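All remarks here apply to the structure that follows.
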Amino acid sequence: MAGKNTVDRVCEIIAPYAAELGLQIWDVTFKKEGTDWYLKVFIDKDGGVSVDDCVDLTHAITKPLDEADPISQSYMLEVSSPGIERELKKDEHFEKYIGSPVMLRAIRPIDGVRDFTGVLQEYNDGQIIIRLQDGNELSIGKKDCSYVKLDDFDINDFNAEL
């Protein structure tokens, strides 16, 4: 596994176990929070993720992670759903949620504004197009965004305005 970062190595190890349980790996992060390191595995499946799904995957991957030892320091393992307002990071995330309300924060202001809400219209080769609430379209590169998240609040209100 030379040349791969920690998250890539972890994904390779846990992906078969997630698939066996009918789960998709939404995202994996490994970062320090305070004095502790956390390996966070976010899972998804059609119909939503239950607590049992999180527990089952935790039990399934603990031993393989310990045996492969892809992380040299001690860490806390957390398995959870990406939750509401899930962040769209991968190409497949954007493709899956075309037509959905999103919140976007630009790295640099566009006409003095960094935060936008609208409906994800298109995603192609790293380019995001959202229809804003005022009816205009915003086209921005994924690399120019701090984040893009599903806007799970006010969906009905937003759709009623369109």
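For clarity, every value in this text was computed on a predicted model and none was experimentally measured.
- Here His93 contributes atom NE2 and Ser100 contributes atom OG; the two are 13.0 Å apart, rounded to the nearest 0.5 Å.
- Taking the charged nitrogens against the carboxylate oxygens, Arg86 and Asp44 do have a contact shorter than 4.0 Å, which makes a salt bridge.
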* **Stepwise side-chain contact (heavy atoms from CB on, under 4.5 Å) test for Asp91 and Lys142** => CA-CA 10 Å; Asp91 292 347; Lys142 183 169 73 168; 3.5 Å; yes

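- Ile130 CD1 to Leu120 CG: the interatomic distance, rounded to the nearest 0.5 Å, is 8.0 Å.
- Met76 and Val41 are not part of a single hydrophobic cluster, where members link through side-chain heavy atoms under 4.5 Å apart.
- The two residues Gly141 and Cys145 come nearest to each other via the heavy atoms O-SG, 3.5 Å.
- Within the 4.5 Å cutoff, the side chain of Trp37 has no heavy atoms near those of the Ser74 side chain.
- Shortest non-hydrogen contact noted between Arg114 and Arg108 is CG-C, 4.2 Å.
- Asp69 CG: more than 12 foreign heavy atoms inside a 6.0 Å radius.
- When atom types are taken as modelled, the side chain of Arg9 and the backbone of Pro70 share a donor-acceptor pair closer than 3.5 angstrom.
- Linking ILVMFWY side-chain heavy atoms closer than 4.5 Å, directly or via other members, places Tyr147 and Val119 in two distinct hydrophobic clusters.
- Connection of Leu132 to Val102 is established within a shared hydrophobic cluster, with ILVMFWY side chains joined at heavy-atom distances below 4.5 Å, either directly or through further cluster members.
- Within a 6.0 Å radius of NZ in Lys96, other residues, nucleotides and ligands contribute more than 12 heavy atoms.
- Separating the CD1 atom in Ile110 from the CG atom in Asp144 is a distance of 7.5 Å, to the nearest 0.5 Å.
- A donor-acceptor contact shorter than 3.5 Å links the side chain of Asn5 to the backbone of Asp8.
- Residues Ile84 and Val51 do not share a hydrophobic cluster, clusters being chains of Ile/Leu/Val/Met/Phe/Trp/Tyr side chains in contact below 4.5 Å.
- For Tyr75, there are no ring pair (Phe, Tyr, Trp, His ring centres under 6.0 Å) partners at least two apart in sequence or on another chain.
- Using modelled atom types, no side-chain atom of Arg131 and backbone atom of Glu137 make a donor-acceptor pair closer than 3.5 Å.
- Under the 4.5 Å side-chain heavy-atom criterion for Ile, Leu, Val, Met, Phe, Trp and Tyr, Val55 and Tyr38 are members of distinct hydrophobic clusters.
- Expressed to the nearest 0.5 Å, how far OG of Ser81 lies from CG of Asp53 amounts to 9.5 Å.
- Between the NZ atom of Lys149 and the OG1 atom of Thr117 there is a distance of 14.0 Å, given to the nearest 0.5 Å.
- With sequence neighbours excluded, the residues that form a ring pair (Phe, Tyr, Trp, His ring centres under 6.0 Å) with Tyr123 are Phe94.
- Taking Asp66 as the reference, nothing meets the salt bridge (charged side-chain N to carboxylate O under 4.0 Å, His left out) condition, with sequence neighbours excluded.
- Proximity of Asp115 to Met103: side-chain heavy atoms (C-beta onward) are nowhere separated by under 4.5 Å.
- In this structure, Ile129 CD1 and Ser139 OG are separated by 4.5 Å, a value rounded to the nearest 0.5 Å.
- Shown here are the side chain to side chain donor-acceptor pair (under 3.5 Å) partners of Asn136, two or more places apart in sequence or in another chain: Asp134.
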Please tabulate, one pair per line, all N/O donor-acceptor pairs under 3.5 Å involving side-chain atoms of residues 56-65, not counting sequence neighbours.
unit_1: Thr58; atom_1: OG1; unit_2: Cys54; atom_2: O; d: 2.8
unit_1: Thr62; atom_1: OG1; unit_2: Thr58; atom_2: O; d: 2.5

Side-chain donor-acceptor contacts of residues 15-30 below 3.5 Å, not counting sequence neighbours, with atom names and distances?
unit_1: Trp26; atom_1: NE1; unit_2: Glu87; atom_2: O; d: 3.2
unit_1: Asp27; atom_1: OD2; unit_2: Lys89; atom_2: NZ; d: 2.7

